[in-house]
Amino acid sequence: MARPVPVAPPLPATAEPSLMVVGVDYQSAPLELREKVALSTAETEELLRSCKEHPELGEIYLLSTCNRTEAYLLPREKERAFRRAMELTFRKAPEIETGGHFFVHHDREAARRLMAVAAGLESMVLGEPEILGQVKHAAELAEAVGSSGVVVKRLARASVRAGGRARAETAINAGAISFGYAIVDVARQIFSRLERHSVLILGAGEMAATAARPLLEKGVLRLRFANRDPARARAFLEELPAAEHVPFDQRYAALADSDVLVAATAAGDPVIRPVETEQAMRRRPGTPLLAVDLGVPRNVDPAVGRVENVFLHDLDSLQQLVDRNLARRRAEIPRVQEIVGEELRCFLAWYQGLRAEPMVARLQRQGETIRRRELEAARGRFPPEVHEDLEKLSRALVRKLLHHPSQQLRTSGDADHLARIELARQLFQLGDEGEEER
């Protein structure tokens, strides 16, 4: 029996405009579906331009990374916008909708979502550093295309600020929680500047690439790799062209002038042994070597760790480091949530104030109309030399009388916002747009 097609969840009872986010991420959809709807920068720009042709979508901002594709909207018509967003964003994978592999949030929760994403709370790797730059880049692209407006731009800026504060004020991204970055952390404990040091990687599979990427990212002086399979060597170089290949049987010669060794081969026996390592170390007296064994079974004979000036780490020791760092990051979640909450309250206060602007403008126009009418009626009872003073006095009185009501309309909280606007309309007899007293 076919599953019913999901529909947009009911919206909260709030006045227009209404924020909405429709998306998929690693929690809602499997990798094969996320891959289908992932967008390059060029594809994101093209889709944003297509969205502009559908006025029901209103303002729109797209965020697409390896683990998420999310569309943030300020729709002009909610249900039609939802349907159109689903159609355009997930057109390459309709099974996302039929299988219910998506999420929808509105208003406060939509705004909170983007801020939490920017802060690293919604990432597969808690506190990942890349997502903040991706949120900012997506905002710049939407602004350049012209698909974002006042509200979405403000939301993106508030989200970037929340993400920046999370990283500056907490340890949400402190310490490595992947093996690749754990190697970088351990290397930095031994070598003050990686830019001055060389790396040798044994192997050319995914584990070897996982180790190589962060080391290259951190700017190591030189990265070489040795393996036995020419096809894998070519694939490794295609992905990481900055690396250099050396023959596997020359690994000890390369080891003699390397500072970091990462062994990640599929060999059944150790490929780095103590005697040959000790010989290589004699060619570099007084210079330490960090050896990291990622192999299962082990690629580095444990006795290598007893060679003078060799610091040997294996998967277990790296896992302990990762676990400690992850626990540290998790401990920061409550504080990051506080930061998101603070930025969310600031955004919502501005957002509610924006909704009040038409009423504030009508109130001030009415006050100015009444001021002019009454001043004109009274002007003849005063000598001409005080007319300018009367003008200034009447303006100041109206401004001061309307200042507090205007501020209250702009800054009222969520719960009483609509009621307060309606009360102001009745108290000041503002009527509908265009009906204010003349």
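This one's a predicted model, so the numbers in the text were calculated from it and none came from an experiment.
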Looking only at side-chain N and O atoms, does [Y] offer a donor or acceptor that is under 3.5 Å from a partner on [X]?
X    : Y    : answer
Y61  : E59  : no
D259 : S198 : no
D185 : Q189 : no
N173 : R329 : no

Any salt bridge between [X] and [Y], counting N to O under 4.0 Å?
X    : Y    : answer
R335 : E338 : yes
E87  : R83  : no
R157 : E143 : no
E109 : R112 : yes
E56  : K78  : no
E332 : R328 : no
E376 : R379 : yes
E391 : R395 : yes
E206 : R213 : yes
E95  : K36  : yes

So, for [X] and [Y], which heavy atoms are closest and what is the spacing to 0.1 Å?
X    : Y    : value
V37  : A93  : CG1-CB, 3.8 Å
D293 : V300 : OD2-N, 2.9 Å
A187 : L194 : CB-CD2, 3.7 Å
R167 : P129 : NE-CA, 4.1 Å
G205 : R232 : CA-NH1, 3.7 Å
A243 : L237 : O-CD2, 3.4 Å

Side chain to side chain contact (heavy atoms under 4.5 Å, CB included) between S123 and R68, intermediate numbers included:
CA-CA 9 Å; S123 296; R68 71 184 71 255; 4.1 Å; yes

Heavy-atom donor-acceptor pair, [X] side chain to [Y] backbone, under 3.5 Å:
X    : Y    : result
R76  : L57  : no
D314 : S317 : yes
D107 : L19  : yes
H101 : L33  : no
S147 : K52  : no
R84  : H54  : no
E195 : L221 : no
N299 : T265 : yes
N325 : I177 : no

One pair to check against side chain to side chain donor-acceptor pair (under 3.5 Å): E217 and Y181. What are the steps and the verdict?
CA-CA 10 Å; E217 177 189 315; Y181 284 98; 2.6 Å; yes

Greater than 12 external heavy atoms within 6.0 Å of E46's CD:
no

Atom NZ of K136 with >12 non-hydrogen neighbours under 6.0 angstrom
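Not buried by this count: 12 neighbours or fewer within 6.0 Å.
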
Could I get the full list of side-chain contact (heavy atoms from CB on, under 4.5 Å) partners for R345, not counting sequence neighbours?
E342

Under the side-chain contact (heavy atoms from CB on, under 4.5 Å) rule, collect the residues that match up with E43, sequence neighbours excluded.
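Testing E43 for side-chain contact (heavy atoms from CB on, under 4.5 Å), a comparison that skips the adjacent residues, returns L39, S40, K92.
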
Could you check whether R362 makes a cation-pi contact with F428, meaning its NZ or CZ is under 6.0 Å from the centre of the six-membered ring and within 45° of the ring axis?
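No; the conditions do not both hold, so R362 does not lie above the ring face of F428.
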
Does the side chain of [Y] come within less than 4.5 Å of [X]'s, by heavy atoms?
X    : Y    : value
V262 : L294 : yes
F90  : V24  : yes
V220 : H197 : no

Apply side chain to side chain donor-acceptor pair (under 3.5 Å) to the pair Q319 and D323, showing each step before the final yes or no.
CA-CA 6 Å; Q319 187 63 59; D323 290 345; 2.8 Å; yes

Parallel, tilted or perpendicular for F347 and Y351, by the 30°/60° rule?
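Parallel, since the angle between the ring planes stays under 30°.
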
Between R372 and E368, does a salt bridge (Lys or Arg N to Asp or Glu O under 4.0 Å) hold up when you go through it step by step?
CA-CA 6 Å; R372 288 181 179 179; E368 177 64 10; 2.8 Å; yes

What about the rings of H245 and F225, do their centers lie closer together than 6.0 Å?
yes

Are F103 and H105 close enough that their ring centers fall under 6.0 Å?
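Ring centres of H105 and F103 closer than 6.0 Å.
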
